[in-house]
Amino acid sequence: MKTSEIMAKLQAKHPGENEYLQAVQEVLESIEEVYNQHPEFEKARIVERMVEPDRIYTFRVTWVDDRGEIQTNLGYRVQFNSAIGPYKGGLRFHRAVTPSMLKFLGFEQTFKNALTTLPMGGGKGGSDFDPVGKSDDEIMRFCQAFMLELWRCIGPDEDVPAGDVGVGGREIGYLDGMYRKLARQYNTGVLTGKGMTWGGSILRPEATGYGAMYFAHLALAKVGKDLSGQRISLSGFGNVAWGAAKKAVQLGAKVVAISGPDGVCEIPDGITEDMIDYMLVMRASNRNRVEDMADKFPGKAKFTAGKKSWSVPVDIAFPSAFQNELSLEDAQELKKNGCQAVFEISNMGCQPDAIHWMQHNGFLFAPGKAVNAGGVATSGLEMTQNAEHLSWTAAEVDERLHHIMAAIHEQCVKYGTQADGTVDYVKGANIAGFMKVAHAMLEQGTI
Ligand code: GLU
């Protein structure tokens with residue numbers, strides 16, 4: 001296969017689907033060499049089949065706002081690849097959601113889920129519903145209307161959604177409540193990220209951030225470094241940044257910046273426990289303003305409008321908000337201010353030219369599909385507990401999460417170690433995820 005030829009065809013077929021094309025390009029570039037060493041992949045047209053989703057559901061979601069006005073949004077579920085297990089992946093509620101965004105996320109999810117060592121295929125869904133400024137009642141009515149359509153497309157052994165940007169524990173509650181009523185399945189529901197008293201797994205809310213810090217710890221150890229004592233920046237203040245901040249502080253790092261769409265909040269002495277707790281309050285408020293942190297903790301947190309976390313001097317940066325949130329200029333500014341490593345916790349958080357530049361300018365860089373896989377991995381653990389009608393202790397879940405992150409790191413090292421001994425984590429993660437899915441597809445025949 002030739003990446004350029006496949007990309008040209010895809011571009012012609014899906015014009016303007018920029019995020020999706022970007023995600024496919026990155027994976028194809030990484031796997032081209034290995035792929036061409038396997039004529040059986042080429043014969044089975046594995047790449048051509050793998051880059052297209054199995055199916056996409058699109059539906060109208062109509063709901064009534066607090067003023068009694070009727071609102072209409074679009075809902076989607078992209079079932080990308082089921083070669084290694086039921087479709088699995090989150091739901092994103094954000095005003096910018098498009099099929100392209102969900103196709104990129106579903107494609108990434110397929111390889112990420114393969115890396116977790118658990119039997120999960122890849123999927124993603126969501127809506128262009130904008131949670132900002134919505135009341136709790138509006139969120140509930142929207143979730144219920146969304147599930148009225150989605151429930152026909154999903155099932156515990158078929159497709160298991162979870163949270164993503166704009167969808168946290170509260171939304172999962174409303175969505176799963178409606179699913180139970182419609183499907184008359186009361187054992188476990190069909191979503192992961194559920195509440196602790198009705199089938200949720202201990203540590204699922206924290207898992208993406210915890211897993212990211214475990215991964216960073218391993219990657220840093222490989223180059224003789226440690227998280228302890230490092231100044232780090234996060235972006236956003238949602239569920240992912242919250243879990244990451246908690247674990248980073250436990251491991252002795254100092255979180256000196258978080259951010260929001262309104263600007264950056266600098267915390268020169270490092271984030272404290274009460275500030276981490278306040279991140280949850282900020283998220284639940286639906287105001288989407290990081291300035292609220294500076295208002296709540298004057299003197300400790302300083303807000304600057306219109307700036308990103310990447311303008312704050314740190315040793316390590318963790319993009320943890322949205323795709324393409326770190327540009328080439330941001331990477332250059334980070335370097336100028338002494339930063340040496342970037343671990344993506346957001347999906348495709350860095351722009352391609354930024355990644356390329358960082359890889360050639362002494363950065364330790366690792367991609368989201370490896371770094372943030374602890375979230376979906378713990379969803380997989382939630383599915384296992386549900387299937388067994390059991391619930392494990394925090395220590396048990398944490399131990400498994402540790403093992404899984406170590407296994408992901410090991411696969412990246414196996415497939416990404418370069419001639420000079422350094423690890424290309426992008427290549428490693430892409431090849432490892434690809435090989436697993438490709439072999440499964442090959443063994444299952446032309447379907
Ligand atoms: N949305 C998360 C991700 O990007 C979690 C998905 C899940 O738990 O299914 O991996």
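Values in this document were obtained by computation on a predicted structure and should not be read as measured data. Every number for a ligand or one of its atoms is a count from 1 in the order of the listing.
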K369 vs E108, salt bridge (Lys or Arg N to Asp or Glu O under 4.0 Å): CA-CA, chis, key distance, verdict: CA-CA 7 Å; K369 61 171 80 66; E108 291 268 303; 3.3 Å; yes
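A salt bridge is absent between E149 and R77: the closest approach of a Lys/Arg side-chain nitrogen to an acidic carboxylate oxygen does not fall below 4.0 angstrom.
In this structure, the side chains of L220 and I316 come closer than 4.5 Å at one or more pairs of heavy atoms. When side chains are defined from C-beta on, F111 counts as touching M50, because their heavy atoms get closer than 4.5 Å.
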Just list the N/O pairs, ligand 1 to protein, that are under 3.5 Å apart, with the distance for each.
residue  : atom   : partner : partner atom : Å
ligand 1 : 1 (N)  : K124    : NZ           : 3.3
ligand 1 : 1 (N)  : G163    : O            : 2.9
ligand 1 : 1 (N)  : D164    : OD1          : 2.8
ligand 1 : 4 (O)  : K112    : NZ           : 2.9
ligand 1 : 4 (O)  : K124    : NZ           : 3.1
ligand 1 : 4 (O)  : N347    : ND2          : 3.1
ligand 1 : 8 (O)  : R204    : NH2          : 2.9
ligand 1 : 8 (O)  : S379    : OG           : 2.5
ligand 1 : 9 (O)  : K88     : NZ           : 2.7
ligand 1 : 10 (O) : Q109    : NE2          : 3.1
ligand 1 : 10 (O) : K112    : NZ           : 2.7

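Within the cation-pi definition used here (under 6.0 Å to the ring centroid, within 45° of the axis), K112 does not qualify as a partner of F107. A cation-pi geometry, defined here as NZ or CZ lying under 6.0 Å from the six-membered ring centre and within 45° of its normal, holds between R400 and W392.
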